[in-house]
Every structure is written in structure tokens, then in C-alpha cells.
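Comments concern the structure below.
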Amino acid sequence: MTSAVASERWAQVVGQDRAVAQLQRAAERPVHAYLLVGPRGSGIEEAARCFAAAVVAPDGDDRSWDLVLRGVHPDVVEVDPPATQIRVEDAQTIVDEVSRSPIEGERKVILLFDAERLRLNEAAANKLLKTLEEPPPRAMIVLVTSGADQLLPTIRSRCQRVDFAFLSADNVATALRADGVAPERAQLLARLAGGRLDRARALDGRLGPVRDAFVATASAIDGSGGAVARQTAMVLDALQEALTELESSQIAEAEQLAAELEAAGYPERTRRAQLRRLEERHKRAHRRARTDALLEGITALETVYRDAMAGPGAERLNLDREVLALSARSAAGALDACREARQAIAEFNPNETLLLERLLLHLPPAGEGADVLRGVRPGAGTLAAAPE
């Protein structure tokens, strides 16, 4: 039986008909472990949750599907640690959860995202391997990865593999239009997203002002320290705004879950466990959000300078802006500065303000060699101000 909610959510996994069909068939007679392989943002994460919902709620119960897709179903545990590697403690969490009986249904599902991080911790990989070799009959483990070759061969061999394709810009634009995004805006977001539907939707939401703030710096830098200070402050404000929006949504989600658990009559112990799990997920999301927003801004700057290197006659990524008139050498230098900033974030966890000031100090003055941006088409110019 397939409910309206189930059909609607499967349909939102765009451009992946073959993978979706495989998972829908697999949900009818699931085995103990699956390996979902595909690029981030390709719909693989949403498909993993749909698959889990179909397994724990084979009758298509709308409430169960809704809980799974929100990440708060008691029988679907998401493991997505913020660290660059999956620790032994994270692997132990999987082992412990697998051994516990389901609360609501006949099966329990464990979703491990970015499973390629196991490669950095052999002890954690071996602990998980033992569970994959002898899993409890009512449990299912789903590993989600963008790099299957980075997993141990012994882990890959114990999982049923399902592959996801890279999304084209047309796929992403089509999905955005289905969300109600205007066609011109959908085309812009699809170009900027680089095949990642999740990124396109984030740019359509809270990351839109972040992109706008970073892109604006490219045309505002004039080689002076005052311009750097002003633009750094503007960018920091945009980053904080994005974080504040996330915090507000998390508070609302926690309140909603608490009310739902109480209304459903769950035992106190189960309610506490579910709320604690949600709190831990929120903490992980909060820690990542600032870094992700900062990286998104740097990516936005990189697209501006790539457009400048390609020249005014080439196909642009930033369809809402004219190409900066810079020499190829200046644009290349700006891209080097962006690369160094990105590398510093990955390696050193630097002070955010100092990182931004250093980055902007190494950007070329916008009028170097020619006029600055000559204008923006009417009705465009920012993601934040785009039409509804």
C-alpha cells in the first residue's frame, strides 16, 4: 500500500527513477544492509529516508512517513557525526541501536550518512563490519556515501548497492519549478548549485542573502582598508542572519516534537530519548551551519571570478549580474585567495573575522582594468530579493 504522502515524497527524488524503483522493490523484501552511492545533493539523502519509511511503515501510514522524513521516528536512527571521521563511539552507537528492539513496528533502520568517513578510522570500520556480518533479523543498516571506493571491500561486499546519478542543471531547474520557483530564478539557482538540488533549495532560502553579501563584495572592494572593513561587517551580518533563521526553526521543531510525543502517549523514557536525539542532531546542524554558510559564500565569490576569467561573451553562472571587468591575471589571483581561505577553514578552524579580512584584502579592486559591474537586469540582482 502506498499513501499519498509516500507517493509525493518518492516523487520529490528527481532524476533518479532507476534508483527509486530499486529501493521501492527492495522495501517489499528488505535484506540486512544497503549501500547507497551517489553525489551529495543528488536526492540520495531524501531517497534513503523514503526507503527507511517504506521499510518501517510498509502500510504507508502517513504519520510514520512524516516522522521518518523529519528524522524523528523512534525506529529510524540517523547517524551523521560532525567530525571528519566516524569515530569508534559512533560505530558503537550503530551497534547498540541495531541490538535494540523496534518501538512501533516490526523493523528498525539505521541510516549512516557520509559513510566514506569510515576510511579514516579502521577500528570503527571493523566494529561496524562485525555487525554487518551478523545483524539482528529485525534491523537494517543503510550506508549513504559519495565515495564507495573509500569503504573497506569487506563492508561493500556485505551490502546491496544502489547507485544514484549526478543531477543535470535541467533536473535541478525542473525540481525547483515544481517547488513553485519562477523559471528565470530556477535557472539561476540551478547554474549556481552545481548539480546539487539541496544547495539550490538552500540558496532559495536562508543562504540566498549570504550569497548576495559575498557577491556584492567583489564589486565593492576598491583596495582600501575601509572597504574591506565595511564588506567584512556586511558578510558577518549575513552569516549571523542565516544562523538565526536556523535556530528559530530548530526551536519550533523541538516544541512540535515534544507536543506530538506527549499526545501520542509515549512512555517518559522514550520521549526523553527522542528529544535528546533531536537535540544532538540540532547541535550537529548548528555547528555545521556556520561553516557551510561561510563556504557557500566563498563559492559564490569563486563563481564571480570564474565568470570574469571566461569573459563577457561566455556562458555565465551568475545570470543575475554583469561580468566583472577584470584581467585574467587578477581573476586568477582572486580564485587563489578563495582557495587558500577554503583550505584554512578545513585545516585550522580560523577566526572568522580575520579569515574574511585576509580574503578580502587579497581580492582585486573591482574597477581594475575597466568599469565595474555595469548593472543588473531589472527585477534581478539578489537571491534574497527574487520574486516569490
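The figures here come from the full heavy-atom set of this structure, side chains too, leaving out hydrogens, waters and symmetry mates. Numbering of residues begins at 1 and proceeds along the displayed sequence.
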Can you list the steps and then say if Asp204 with Arg185 is a salt bridge (Lys or Arg N to Asp or Glu O under 4.0 Å)?
CA-CA 9 Å; Asp204 190 40; Arg185 179 174 168 83; 2.5 Å; yes
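- Around the CD atom of Glu347, the shell of radius 6.0 Å holds more than 12 heavy atoms that belong to other residues, nucleotides or ligands.
- Judged as a side chain to side chain donor-acceptor pair (under 3.5 Å), the pairs with a partner in residues 267-278 (not counting sequence neighbours) are, in order, Glu268-Arg271, Gln274-Arg277.
- The side chain to side chain donor-acceptor pair (under 3.5 Å) check on Arg306 picks up nothing, with sequence neighbours excluded.
- When all heavy atoms of Leu111 and Ala48 are compared, the closest pair comes out as CD2-O, 3.9 Å.
- Panel note: side chain Ser157, backbone Pro153; a donor-acceptor pair is recorded below 3.5 Å.
- The closest donor-acceptor contact from the side chain of Ser64 to the backbone of Gly60 lies at 3.5 Å or more, if one exists at all.
- Looking at Gln16, its side chain does come within 3.5 Å of a backbone N or O of Ala165 through a donor-acceptor pair.
- Annotation: side chain of Leu143 is in contact with side chain of Cys159 (closest heavy-atom distance under 4.5 Å).
- Closest of all the heavy-atom pairs between Leu278 and Val72 is CD1-CG1, 4.0 Å.
- Within 6.0 Å of atom CZ in Arg339, more than 12 heavy atoms from other residues, nucleotides or ligands are found, so the atom counts as buried in its surroundings.
- Listed for the Asn318 side chain is no donor-acceptor partner under 3.5 Å among the backbone atoms of Asp320.
- The side chain to side chain contact (heavy atoms under 4.5 Å, CB included) test with Leu301 is passed by exactly one of Thr217, Val215, Leu335: Thr217.
- Between Leu326 and Tyr305, some side-chain heavy-atom pair lies under the 4.5 Å cut-off.
- Counting only residues at least two apart or on different chains, no salt bridge (Lys or Arg N to Asp or Glu O under 4.0 Å) pair has a member in residues 8-36.
- Listed by chain and number, the residues in a side chain to side chain donor-acceptor pair (under 3.5 Å) with Glu352 are Arg290 (sequence neighbours excluded).
- A salt bridge is absent between Arg138 and Asp75: the closest approach of a Lys/Arg side-chain nitrogen to an acidic carboxylate oxygen does not fall below 4.0 angstrom.
- For the pair Gly41 and Leu167, the tightest heavy-atom approach, listed with the atom from each and the gap, is O-CD1, 3.8 Å.
- The backbone N or O of Gly38 lies less than 3.5 Å from no partner atom in the side chain of Ser42, so there is not a single donor-acceptor pair.
- For the side chain to side chain contact (heavy atoms under 4.5 Å, CB included) criterion with Leu355, the lone passing option out of Leu294, Leu360, Asn349 is Leu294.
- The backbone N or O of Arg316 lies less than 3.5 Å from a partner atom in the side chain of Arg191, making a donor-acceptor pair.
- Each of Val77, Leu132, Ile141 was evaluated against Ile94; a single residue qualifies, Ile141, per the side chain to side chain contact (heavy atoms under 4.5 Å, CB included) test.
- Residues passing the side chain to side chain donor-acceptor pair (under 3.5 Å) test with Asp292: none are found, sequence neighbours excluded.
- Under the 4.5 Å side-chain heavy-atom criterion for Ile, Leu, Val, Met, Phe, Trp and Tyr, Leu261 and Ile103 are members of the same hydrophobic cluster.
- Residues Leu192 and Met309 fall within the same hydrophobic cluster, defined by Ile, Leu, Val, Met, Phe, Trp and Tyr side chains chained together at heavy-atom separations under 4.5 Å.
- With sequence neighbours excluded, the residues forming a side chain to side chain donor-acceptor pair (under 3.5 Å) with Thr244 are Gln240, listed by chain and number.
- Not one N or O on the side chain of Asp90 forms a donor-acceptor pair closer than 3.5 Å with the backbone of Ile86.
- Judged by distance alone, the side chain of Asp179 and the main-chain N or O of Val181 form no donor-acceptor pair under 3.5 Å.
- In this structure, the side chain to side chain contact (heavy atoms under 4.5 Å, CB included) partners of Arg100, at least two apart in sequence or on a different chain, are Asp96, Glu97, Lys108.
- Applying the salt bridge (charged side-chain N to carboxylate O under 4.0 Å, His left out) rule to Asp198 yields the partners Arg196; only residues at least two apart in sequence or on another chain are considered.
- Under the 3.5 Å distance criterion, with hydrogens and angles disregarded, a donor-acceptor pair is assigned to the side chains of Asp222 and Ser224.
- Note on residues 14-63: pairs passing ring-ring contact (aromatic ring centres under 6.0 Å, His included), not counting sequence neighbours, are Tyr34-Phe51.
- Of all the heavy atoms in Ala52 and Val76, the pair that sits closest is CB-CG1, 4.0 Å.
- Asn171 places no side-chain N or O within donor-acceptor distance of the main-chain N or O of Val14, the cut-off being under 3.5 Å.
- Contacts of Phe164 classified as ring-ring contact (aromatic ring centres under 6.0 Å, His included), with partners at least two apart in sequence or in another chain: none.
- Residue pairs meeting the salt bridge (Lys or Arg N to Asp or Glu O under 4.0 Å) criterion with at least one member in residues 239-265, sequence neighbours excluded, are Arg70-Glu260, Glu253-Arg281.
- Within a 6.0 Å radius of CD in Glu89, more than 12 heavy atoms belonging to other residues, nucleotides or ligands are found.
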Please determine whether side-chain hydrogen bond (donor to acceptor under 3.5 Å, both in side chains) holds for the pair Thr145 and Glu116, giving the CA-CA distance in whole Å, both sets of side-chain angles, and the decisive distance to 0.1 Å.
CA-CA 6 Å; Thr145 181; Glu116 66 274 8; 2.6 Å; yes
Verdict with supporting geometry, Val68 and Val109, side-chain contact (heavy atoms from CB on, under 4.5 Å)
CA-CA 10 Å; Val68 174; Val109 178; over 6 Å; no
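- The two residues Ala227 and Ala220 have their closest heavy-atom pair at CB-O, 3.9 Å.
- Residues Leu118 and Leu152 are not in side-chain contact: their nearest non-hydrogen atoms beyond the backbone lie 4.5 Å or more apart.
- Looking at Glu279 and Lys283, a side-chain N of the basic residue comes within less than 4.0 Å of a carboxylate O on the acidic one, giving a salt bridge.
- Evaluation of the salt bridge (Lys or Arg N to Asp or Glu O under 4.0 Å) test over residues 147-161, restricted to residues two or more places apart or in two chains, returns Glu133-Arg158, Arg161-Asp163.
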